[in-house]
Amino acid sequence: QSFPLLPILFLQVLCCMYPIAQVREPFTIVGYLAQRVPLVEILKLKPEEYEPKKEGKEKATTTHLWTAWDICDAWAKQCGYLTAKAARPDSHRAANSILRLATDGKISMYFRPPGFSHEKAMWASHPEVQEIIELQRLGLPPSVKEATARIQEDPADATFIALGNKFSLLMDLDC
């Protein structure tokens, strides 16, 4: 192979370097995304109604372990994606829809630099970070400007500040 396709296909799709329409099996990529981003909470998915098994005197378990297929099924039901003949949830269409949300930026995934957790202080005071903050400040709303000012005042305390509503992009979901 001249181009590494198999090991990093999921990253190529999520970074828009490989077309979603050409992915034969999108569930692995949705699973990869779900391991790194709280998809169930972001998409406001609810598990399918089921009766928990009661065996003997043990309590019934009501926690639901989500698989990529379950996420796609729940998203298909929520958006009304159904197959033509049997009217079952169209999981493949739902998986493509989730991947399109990710590539459009409505579901965001990020990676921190290698060794970031060991060198937080160095990254907080890095000159390029201050430069990026200054560039971001130019076109951001006042609440974000206040948050960036707090970061500049005390960089050690800036481990994570939620800037605005991180779910605001999902308001206009196209199901």
Side-chain angles (χ1 to χ4, degrees), residues 1-45 65-81 89-141 143-145 147-148 151 155 158-175:
Q1 287 179 324
S2 61
F3 189 71
L5 200 59
L6 292 176
I8 56 170
L9 177 65
F10 42 84
L11 287 177
Q12 290 176 3
V13 171
L14 292 172
C15 294
C16 301
M17 294 188 297
Y18 191 84
I20 294 171
Q22 292 183 10
V23 176
R24 290 184 185 191
E25 193 274 309
F27 303 106
T28 305
I29 304 168
V30 170
Y32 178 82
L33 184 64
Q35 289 174 351
R36 287 151 180 83
V37 176
L39 275 182
V40 176
E41 289 82 19
I42 291 172
L43 299 175
K44 300 175 186 159
L45 301 177
L65 298 176
W66 289 89
T67 63
W69 192 277
D70 291 340
I71 291 170
C72 294
D73 265 354
W75 184 245
K77 289 176 186 174
Q78 187 170 326
C79 291
Y81 298 149
D90 191 351
S91 299
H92 197 274
R93 184 177 173 196
N96 283 343
S97 171
I98 292 170
L99 294 179
R100 289 191 197 288
L101 289 173
T103 57
D104 289 346
K106 293 183 179 180
I107 298 173
S108 59
M109 183 178 82
Y110 63 92
F111 296 100
R112 291 192 169 141
F116 176 80
S117 57
H118 299 294
E119 302 172 357
K120 282 184 182 179
M122 188 275 295
W123 285 109
S125 62
H126 197 275
E128 289 181 7
V129 172
Q130 300 303 325
E131 195 175 314
I132 291 170
I133 289 172
E134 193 59 38
L135 287 173
Q136 289 176 341
R137 181 184 292 178
L138 295 175
L140 296 176
S143 63
V144 177
K145 289 181 183 177
T148 53
I151 290 172
T159 55
F160 177 78
I161 295 180
L163 303 175
N165 182 1
K166 63 183 177 180
F167 300 113
S168 63
L169 291 175
L170 294 173
M171 299 284 198
D172 302 331
L173 284 181
D174 297 330
C175 288

*Indicate yes or no for a side-chain donor-acceptor contact from Thr103 to the backbone of Arg100 under 3.5 Å, with no hydrogens or angles considered.*
yes

*Closest heavy-atom contact between Trp66 and Ala74?*
CZ3-CB, 3.8 Å

*Shortest non-hydrogen contact from Pro26 toward Ala95*: CG-CB, 3.6 Å

*Between Leu45 and Asp70, is any pair of side-chain heavy atoms under 4.5 Å apart?*
no

*Do the non-hydrogen side-chain atoms of Met109 and Leu11 ever get within less than 4.5 Å of each other?*
yes

_How long is the straight-line distance from NE2 of His126 back to CD1 of Ile132, given to the nearest 0.5 Å?_
9.5 Å

*From Ser125 OG over to Glu119 CD, what is the distance, rounded to the nearest 0.5 angstrom?*
11.0 Å

*Side chains of Leu9 and Thr28: closer than 4.5 Å at any heavy-atom pair?*
no

*Rounded to the nearest 0.5 Å, how far apart are OG of Ser97 and CG of Asp104?*
9.5 Å

*Please answer whether the main-chain N or O of Ile133 pairs with a side-chain N or O of Gln130 as donor and acceptor at a distance below 3.5 Å.*
no

*Are any non-hydrogen side-chain atoms of Trp75 and Leu39 less than 4.5 angstrom apart?*
no

*Chi angles and distances behind the side-chain contact (heavy atoms from CB on, under 4.5 Å) call for Leu43, Ile107*: CA-CA 9 Å; Leu43 299 175; Ile107 298 173; 4.1 Å; yes

_Within this structure, what is the CG-CG distance for the pair Leu33 and Leu99, rounded to the nearest 0.5 Å?_
7.5 Å

*How far apart are the closest heavy atoms of Pro89 and Asp73, and which atoms are they?*
CB-OD1, 3.9 Å

*Evaluate the ring planes of Phe27 and Trp69, with Trp represented by its six-membered ring, and classify them as parallel (under 30°), tilted (30 to 60°) or perpendicular (over 60°).*
tilted

*Steps toward side-chain contact (heavy atoms from CB on, under 4.5 Å) verdict (Leu14, Ile29)*: CA-CA 8 Å; Leu14 292 172; Ile29 304 168; 4.1 Å; yes

